[in-house]
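Remarks on the structure that follows.
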Number of protein chains: 2
Amino acid sequence: MSTSNQQHKAGDLHFLKRLNRSAILELVRRTPGLTRADIATQAQLTKATVGAGVQSLLNQGWLREGELQKSSGGRPGRALHLNEEQHVLLGAEVGVHGLRLVACTLAGQVLVSHHEHLVPTTPEVTAELLGELLHALMQEAPVKKRRCLGLGIALPGPIAPNKPVLRLAPNLGWRDVRFLELLRPHLPHLEGTWLMDNEAKSAAFGELYFRTGNIPESLVYVSAGTGIGSGMVEGSHLPLVTRGIQGLAGEIGHTVLQPGGLYCHCGNRGCAETLVSGWSIRAALGIAEEEDLIESLLPRLDEPDVQVTLRRAGEALGVLLLNLHHTQNPSEIVLGGSLTQLGAPLLGPALDFFKANQNRLLGTTQQVPLRVVQDSTFIAARGAAAQVLASIIHGSSDLGDTFF
Amino acid sequence: MSTSNQQHKAGDLHFLKRLNRSAILELVRRTPGLTRADIATQAQLTKATVGAGVQSLLNQGWLREGELQKSSGGRPGRALHLNEEQHVLLGAEVGVHGLRLVACTLAGQVLVSHHEHLVPTTPEVTAELLGELLHALMQEAPVKKRRCLGLGIALPGPIAPNKPVLRLAPNLGWRDVRFLELLRPHLPHLEGTWLMDNEAKSAAFGELYFRTGNIPESLVYVSAGTGIGSGMVEGSHLPLVTRGIQGLAGEIGHTVLQPGGLYCHCGNRGCAETLVSGWSIRAALGIAEEEDLIESLLPRLDEPDVQVTLRRAGEALGVLLLNLHHTQNPSEIVLGGSLTQLGAPLLGPALDFFKANQNRLLGTTQQVPLRVVQDSTFIAARGAAAQVLASIIHGSSDLGDTFF
DNA sequence: CCGCTTAGTAAATAGAAAAAACTAAGTGGA
DNA sequence: TCCACTTAGTTTTTTCTATTTACTAAGCGG
């Protein structure tokens with residue numbers, strides 16, 4: 001979401017009504033099967049208010065009624081669930097080596113996905129191709145019959161705050177791209193909320209927002225691919241993405257880990273990316289740009305020079321994770337990106353270092369959950385779709401008016 | 001503020017009323033001299049609603065009317081200001097070398113302050129002394145005649161999230177201290193909101209919250225003293241403090257800058273604090289614990305070994321600042337703590353490094369405002385007082401009911 | 001002096017949630 | 001089977017808040 005801090009919050013009755021409808025929808029989304037009575041308790045609203053709110057959400061197709069609950073000595077409540085048949089969310093990621101597209105339900109379940117390999121080209125050509133692919137995706141059966149709520153695009157670089165501009169994508173060679181504007185002419189009939197964000201931030205958002213049950217208070221997604229980026233989201237009810245004044249929050253690949261170290265493409269020395277990233281591994285092992293890094297390395301994991309290179313990179317990754325722990329201290333860390341496919345030779349040293357040191361300061365034994373995503377292909381695209389949904393439920397999107 | 005994420009937000013009419021009153025108060029606090037009409041425009045409320053809200057805030061002593069504004073072809077509006085005569089906020093910082101106390105107005109103006117030097121002792125003894133000093137502070141003329149809204153305590157270590165427990169204060173030798181509970185018996189008659197937070201987080205909060213006019217969207221306060229800590233606040237209307245799941249957010253002193261480097265007191269190697277901190281400078285120059293670091297160094301700034309030590313420490317500080325820029329990317333950085341008194345020999349290299357590298361990634365010339373606080377003695381204490389006010393205006397404190 | 005503009009207040013209205021009273025639908029015990 | 005009891009959910013009435021509309025207040029400029 002490229003939107004940011006609104007003016008000071010005040011509101012009228014209409015605002016209050018919508019706030020409460022959003023709260024109801026959000027509660028059911030996070031805890032499927034709640035009854036009206038449960039909602040009334042948790043949201044601190046009266047049964048009457050909840051009843052009216054649920055009714056209109058049912059009427060508009062956001063919710064559906066489920067089975068009767070077990071009785072505990074009284075009338076059993078009726079379970080409520082998201083109505084996942086009605087709407088669809090579109091998400092896409094523009095990556096260095098390809099386009100990833102998803103169409104998913106309100107619960108984040110991917111209905112259809114598509115991965116198109118391609119070599120980096122201009123924003124205009126990319127937008128045209130993405131437009132065609134999205135158009136094709138929308139023609140597929142499970143998507144076509146649903147109402148589309150909007151489209152989110154994840155991009156590999158910092159996004160300007162408050163306006164949808166990709167400031168820089170070093171690995172694509174792009175700068176100051178208004179990608180949504182380029183895409184719009186190719187999808188003239190796609191209504192709903194359109195937004196774009198950095199891929200790691202979208203991924204982080206989706207990982208938190210589509211979670212049900214026990215929801216962490218904050219989450220950092222570390223994207224380890226050609227470069228290294230991260231995204232932090234905070235707040236379990238409406239996750240807030242940390243962007244920074246220039247969109248540079250989470251650019252952990254350019255934190256300095258080795259003052260006076262190797263030169264980075266950014267011009268500084270000793271950046272984390274000079275130690276751990278797709279390009280630093282290529283450079284260390286002399287792997288050409290044309291070859292697929294992962295495919296060329298997977299058969300060579302036993303070779304000593306590969307092992308040494310990956311171990312060193314892994315140690316640097318471990319330092320990055322620990323530094324994240326001591327600066328953001330998220331409730332959960334999710335590690336994704338193409339490099340995770342290299343497995344233990346890279347990740348072993350990283351996780352070992354992190355686990356060995358994460359409790360030094362407090363002297364406790366609490367472990368911060370750290371999950372490695374093996375296949376992170378569609379995570380960012382799905383996250384961008386999540387951001388669309390959130391902007392409708394919590395934001396100022398007109399689509400939120402259908403709650404009434 | 002040691003409170004965190006509430007349950008999902010829904011509300012009744014009372015909640016709405018209070019939200020709007022808070023918004024009005026907040027607008028006047030941030031922009032003194034607004035008229036009712038200005039507020040109606042900015043808060044998107046009608047004149048009637050604003051009029052009623054202002055009236056009750058006037059009645060309760062939160063606001064006062066000021067002079068008539070210049071007319072622009074119609075009836076001139078009446079300026080509104082915070083009523084600073086009515087209330088007082090108390091803040092205190094427990095530091096390694098002393099206790100700092102302030103009493104300040106709603107606008108953050110310090111009415112009375114006190115700095116008590118002392119050597120670290122037990123939490124119990126410290127609480128008793130602080131209780132006496134606060135009691136004395138409250139007897140002073142400008143404080144005594146006002147209604148006290150509460151007390152905020154800033155402490156030099158990570159605070160547990162959601163509960164007021166100081167988990168660890170390495171430089172005091174404290175662990176798991178419920179400081180408010182220890183203090184309570186010594187101030188039985190002090191009503192209002194009590195809270196505690198980490199000193200860098202309190203400082204950051206205060207620096208943002210008491211700002212008027214053009215308010216940054218986020219701010220990081222870096223506290224460079226015996227150790228190095230930082231606090232980040234985000235959101236210009238209600239600043240949100242990043243705490244982390246264990247309260248470790250902002251512990252930048254324990255980010256690793258030199259893998260395999262010197263041993264830190266935390267047991268890890270190459271922490272930032274081994275390169276730049278009060279204790280690392282003491283260690284490098286052989287300055288005993290009993291001596292005051294700053295006083296012993298100020299006359300020696302010309303000595304070559306001192307210069308080399310401070311330059312190296314400064315360079316490490318510069319790396320820390322740059323890493324902050326690439327992880328949080330705050331709108332503004334404020335650098336405080338006792339080490340800033342060492343001036344150019346330490347700060348020169350730090351600021352040079354930061355300024356030389358902060359624009360590498362985007363290739364722009366935008367400078368992130370970086371302000372060095374020469375005398376940061378009462379910043380954290382004042383920030384803790386700010387947190388008290390914020391918890392009343394925006395939070396669930398009963399004192400917020402006086403808005404009606 | 002008078003039309004015009006803007007600030008602020010007062011009275012009437014609309015609309016939201018709450019409160020109270022109700023119906024619905026189960027339990028369990030006699 | 002009946003019936004007291006419990007909990008879920010709805011309907012009706014009431015309360016409360018912001019809005020709307022109409023008004024008064026107070027300046028400007030011709």
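Throughout, a chain's letter reflects where its sequence line sits, starting with A, and its residues are numbered from 1. As a basis for the values below, the full set of heavy atoms in this structure was taken, side chains included, without hydrogen atoms, waters or symmetry mates.
- Nucleotides of DNA chain D with any atom under 4.0 Å from a heavy atom of chain A span, from 5' to 3', D/dT6 to D/dT19.
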Give me, pair by pair, the N or O atoms of the protein and of nucleotides 14-17 of chain C that are less than 3.5 Å apart, along with how far apart they are.
residue, atom, partner, partner atom, Å
C/dA17, OP1, A/Asn20, ND2, 3.1

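- Between B/Trp62 and B/Phe403, the ring planes are perpendicular. Angles over 60° get that label, and only those under 30° would be called parallel.
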Assess whether side chain to side chain donor-acceptor pair (under 3.5 Å) is satisfied between B/Glu84 and B/Thr105, documenting all intermediate values.
CA-CA 6 Å; B/Glu84 302 187 37; B/Thr105 69; 3.1 Å; yes
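- Under a 4.0 Å N-O distance rule, the pair A/Glu207/A/Arg371 qualifies as a salt bridge.
- Between the side chain of A/Asn59 and the backbone N or O of A/Gln55, at least one donor-acceptor pair lies under 3.5 Å.
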Sequence-aligned protein contact record of nucleotides 21-30 of chain C, with B where the base is within under 4.0 Å of a protein heavy atom and S where only the sugar-phosphate is:
---BBBS---
Kindly indicate, with the supporting measurements, whether the criterion side chain to side chain contact (heavy atoms under 4.5 Å, CB included) is fulfilled by B/Asn83 and B/Leu106.
CA-CA 8 Å; B/Asn83 183 349; B/Leu106 298 191; over 6 Å; no
Could you go through B/Arg36 and B/Glu65, starting from their C-alpha distance and side-chain angles, then the distance that decides it, and tell me whether this counts as salt bridge (Lys or Arg N to Asp or Glu O under 4.0 Å)?
CA-CA 10 Å; B/Arg36 290 168 176 81; B/Glu65 290 192 311; 2.9 Å; yes
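- Side-chain contact of B/Arg78 with B/Thr35: a donor-acceptor pair under 3.5 Å is absent, judged by distance alone.
- Using a 4.0 Å heavy-atom distance criterion, B/Ala48 is classed as a base contact.
- Under a 4.0 Å N-O distance rule, the pair A/Arg29/A/Glu26 qualifies as a salt bridge.
- Between B/Glu332 and B/Arg211 there is a salt bridge, with a side-chain nitrogen of the basic residue lying less than 4.0 Å from a carboxylate oxygen of the acidic one.
- Using the six-membered ring where Trp is involved, B/His14 and B/Phe404 have ring planes that are tilted, between 30° and 60° apart.
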